[in-house]
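The structure under discussion appears below in the form of structure tokens.
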Amino acid sequence: MSRKAADIFSQFEHIRERMDQAYRRVLGSPGSPGFGVPYLEPAADIYETDSEVVVLVELAGISGAQVEIEIEGRLLRLHGERKPLPGRPSKSYSQIEIAHGPFRRELVLPAEVDAEGAVANYKDGVLEVVLPKASTGLNHQLRIVAG
């Protein structure tokens, strides 16, 4: 299979994962009763260097201590809850756009990582998770002898 075809299939897989997430958010997981609690899904960027995978997640209004991070293989999960802003009156709003409630985000990382070496920093509403790439530990040498 050509690299271009593999990239197209990768894009379809990403779309399918996002549709599954949206379905679970609205209807709940299979076998659960009716509509589930909707989750906020914070925006995220992922990039990699030669030695690291870096994940940036927009979490304005959330304390870094309110975020749980789990890493399993190439899957990074974030979850927590954005609390209502203090001092909000209970009614008489003319507009409400700042959402609060539970949030969850699952991200597929572009490379295998060493979860033990992960470092997380939270500043100015952006969570940065730096994950060192896992060393494969396998160096193969191939010797070809012309016969």
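Residue indices begin at 1 and follow the sequence shown. FYI, side chains are in, hydrogens and waters are out, and symmetry mates aren't considered; it's all heavy atoms of this structure.
- There is no path of hydrophobic side-chain contacts, each under 4.5 Å, that joins Val113 to Leu56.
- Scanning all heavy atoms of the two residues, the minimum distance from Gly101 to Leu40 falls at O-CD1, 3.9 Å.
- Just one residue in the list Val55, Val57, Val54 forms a side chain to side chain contact (heavy atoms under 4.5 Å, CB included) with Glu128, and that residue is Val54.
- Residues Lys133 and Glu52 are not paired through a salt bridge, judged by the lack of any N-O separation under 4.0 Å between the basic side chain and the carboxylate.
- Looking at Tyr122, its side chain never comes within 3.5 Å of a backbone N or O of Val67 through a donor-acceptor pair.
- Proximity of Val53 to Pro110: side-chain heavy atoms (C-beta onward) are separated by under 4.5 Å at one or more points.
- The two atoms that bring Glu106 and Leu75 nearest to each other are CB-CD1, 4.1 Å, heavy atoms only.
- Surrounding CD of Glu70 are more than 12 heavy atoms belonging to other residues, nucleotides or ligands, all under 6.0 Å away.
- Separating the CG atom in Leu131 from the CD1 atom in Ile71 is a distance of 4.5 Å, to the nearest 0.5 Å.
- Taking each heavy atom of Pro132 and Gly117 in turn, the nearest pair found is CD-O, 3.4 Å.
- Of all heavy-atom pairs between Arg82 and Phe103, the closest is N-CD2, 4.0 Å.
- Here the CD-CG distance, from Glu72 to Leu109, works out to 11.5 Å after rounding to the nearest 0.5 Å.
- Contact annotation: the side chain of Val108 never approaches that of Ile46 to less than 4.5 Å [non-hydrogen atoms, C-beta and beyond].
- A distance of 11.5 Å separates CG of Leu127 from CD of Glu58, quoted to the nearest 0.5 Å.
- Shown here for Arg104 and Pro42, the closest heavy-atom pair between the two residues is O-CD, 4.1 Å.
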- Task: Give the intermediate values and the outcome of side-chain contact (heavy atoms from CB on, under 4.5 Å) for residues Val129 and Ile69.
- Result: CA-CA 9 Å; Val129 182; Ile69 302 170; 3.9 Å; yes
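- With rounding to the nearest 0.5 Å, the separation of CZ in Arg105 from CG in Leu59 is 10.5 Å.
- In this structure, CD in Glu68 is found 11.5 Å from CD in Glu81, a value given to the nearest 0.5 Å.
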